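Please read the structure below before turning to the comments.
For ligands, and for the atoms within them, numbers begin at 1 and follow the listed sequence. Small disclaimer: the values here were computed from a predicted structure and weren't measured. Along the sequence shown, residues are numbered consecutively beginning with 1.
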Amino acid sequence: MSTIAFLGLGNMGGPMAAKLVAAGHTVHGFDVVSAALERAGTTGVIVAADAVSAVADAEMVITMFPSGAHVLDAYREGLLAAAQHNTLFIDCSTIDVADAITARELAVAAGHRGMDAPVSGGVMGAEAGTLTFMVGAQAEDFESARPILDVMGGRVVHCGESGAGQAAKICNNMILGVSMIAVAEAFVLGEKLGLSNQALFDVASAASGQCWALTTNCPVPGPVPNSPANRDYQPGFAGALMAKDLGLALNALERTGTAAELGPLAAQIYRRFADEGGAGRDFSGIITVIRDNSEKVKG
Ligand code: NAD
């Protein structure tokens, strides 16, 4: 059993840390929000007075923060200095590929090991221990982390060297963002052509239009009974998170000079969706914007 520091005990980090405790690991946790810290305490996490004291005895340090700036600041402002030599730093936050590479470089320069291991699967996946981990790491660091990631995840994929986990995450979510917009536009067009949603679903779900956005997270109520559309677009995967992830994809598209057109457009569409009331709604709620805009065009 390992001694693990877990920093960032929010919607995702809280249940992930609880899974580690339930598996018998000793988890020292810290969050800057006292309510998150108290909640973690009720699941058996040992509540630390601050981040630095959480990492002092740890073999591994897991971070689950909102952004790359949070990760880099925390690393620079005490975490790396407070950890024992050769501690394995595992960042599970979704952050920019370039920030993930910098985070590992900082860890290595301070005498530690580092890796990126962002996740998909959301809060339900974190609670169930069925997250997918996308890992960017040296092979031997991946092997060291794997038993711990297996506790929190149902699928752990070694994507390559430092930054590769974040790269896989944003590429996947760019597919998801673009495909959801395509599915939503098709349903609105079908409605305008007098096609029932069920008829379009019955055809496309078994034809070349088939994709996760259609068959699992269907943006209209009815065809997939537990998709967020059936509960007025309560997430699920919130618009704010899709806007964030597509923003990270956009950074990477620009930095690499990738000649993408739909990715940047999807980033813009979801940024507007999040800013104009969709931040807390499931990202499939984009269909309501397309429908409303279609009425305006008609009017
Ligand atoms: P959250 O805001 O609920 O949790 C982040 C926590 O980090 C907060 O409790 C915050 O107080 C804490 N924090 C920030 N700076 C800190 C510091 N220096 N020291 C200690 N604690 C600090 O966010 P979340 O939904 O748990 O998401 C966390 C990460 O996981 C994000 O990068 C997000 O993009 C990613 N993610 C989220 C989901 C999801 O469905 N929520 C799914 C996949 C990936």
Side-chain angles (χ1 to χ4, degrees), residues 4-19 27-41 43 45 47-55 58 61-83 89-97 99-100 103 116-135 149 152-155 165-166 168-170 172-174 176-177 217 228 234-249 251 270 274 279-284:
I4 301 165
F6 206 117
L7 309 171
L9 299 162
N11 294 322
M12 295 292 290
M16 288 165 73
K19 280 278 162 207
V27 180
H28 296 266
F30 182 70
D31 195 292
V32 288
V33 172
S34 55
L37 202 49
E38 277 164 32
R39 240 186 346 263
T43 67
V45 170
V47 169
D50 51 38
V52 163
S53 44
V55 306
V61 175
I62 301 177
T63 41
M64 195 50 167
F65 289 158
S67 75
H70 289 87
V71 177
L72 295 177
D73 287 352
Y75 276 26
R76 288 186 176 118
E77 289 166 12
L79 285 193
L80 296 174
F89 278 77
I90 306 173
D91 180 42
C92 295
S93 328
T94 302
I95 68 174
D96 205 284
V97 177
D99 286 345
D116 48 297
V119 301
S120 68
V123 175
M124 279 169 64
E127 286 168 347
T130 57
L131 294 169
T132 294
F133 282 89
M134 294 150 268
V135 183
L149 301 182
M152 301 179 283
R155 197 155 170 258
Q166 299 293 353
K169 165 97 187 169
I170 56 167
N172 178 70
N173 281 12
M174 192 171 81
L176 179 60
N217 218 73
Q234 280 179 34
F237 187 53
L241 289 172
M242 179 53 88
K244 172 193 167 179
D245 290 0
L246 288 175
L248 296 174
N251 293 346
Y270 271 106
R281 308 186 83 200
D282 189 76
F283 78 114
S284 60

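Checking only distances, Lys244 does come within under 3.5 Å of ligand 1, N or O to N or O. The distance criterion of under 3.5 Å between nitrogen or oxygen atoms is met by Phe65 with respect to ligand 1. The distance criterion of under 3.5 Å between nitrogen or oxygen atoms is not met by Ser93 with respect to ligand 1. Considering both main-chain and side-chain atoms, Ser67 never comes within under 3.5 Å of ligand 1 through any nitrogen or oxygen pair.
By the criterion of a heavy-atom distance under 4.0 Å, neither the backbone nor the side chain of Leu7 is placed next to ligand 1. Under 4.0 Å from ligand 1, the heavy atoms of Lys169 that appear belong solely to its side chain. With a heavy-atom cut-off of 4.0 Å, Leu241 touches ligand 1 through its side chain alone.
Checking atom 34 (O) of ligand 1 against the protein gives a heavy-atom contact under 4.0 Å.
Side-chain atoms of Glu127 do not come within 3.5 Å of backbone N or O of Pro15 as any donor-acceptor pair.
Annotation for ligand 1: atoms under 4.0 Å from non-hydrogen atoms of His70 are 14 (C), 15 (N). Close contacts between ligand 1 and Met64 involve ligand atoms 5 (C), 6 (C), 7 (O), 29 (C), 30 (O) [criterion: under 4.0 Å to a heavy atom].
Among residue pairs with one or both ends in residues 68-77, those qualifying as side-chain hydrogen bond (donor to acceptor under 3.5 Å, both in side chains) are Ser67-His70; sequence neighbours excluded.
Using a 4.0 Å cutoff on heavy atoms, Ser120 does not count as a contact of ligand 1.
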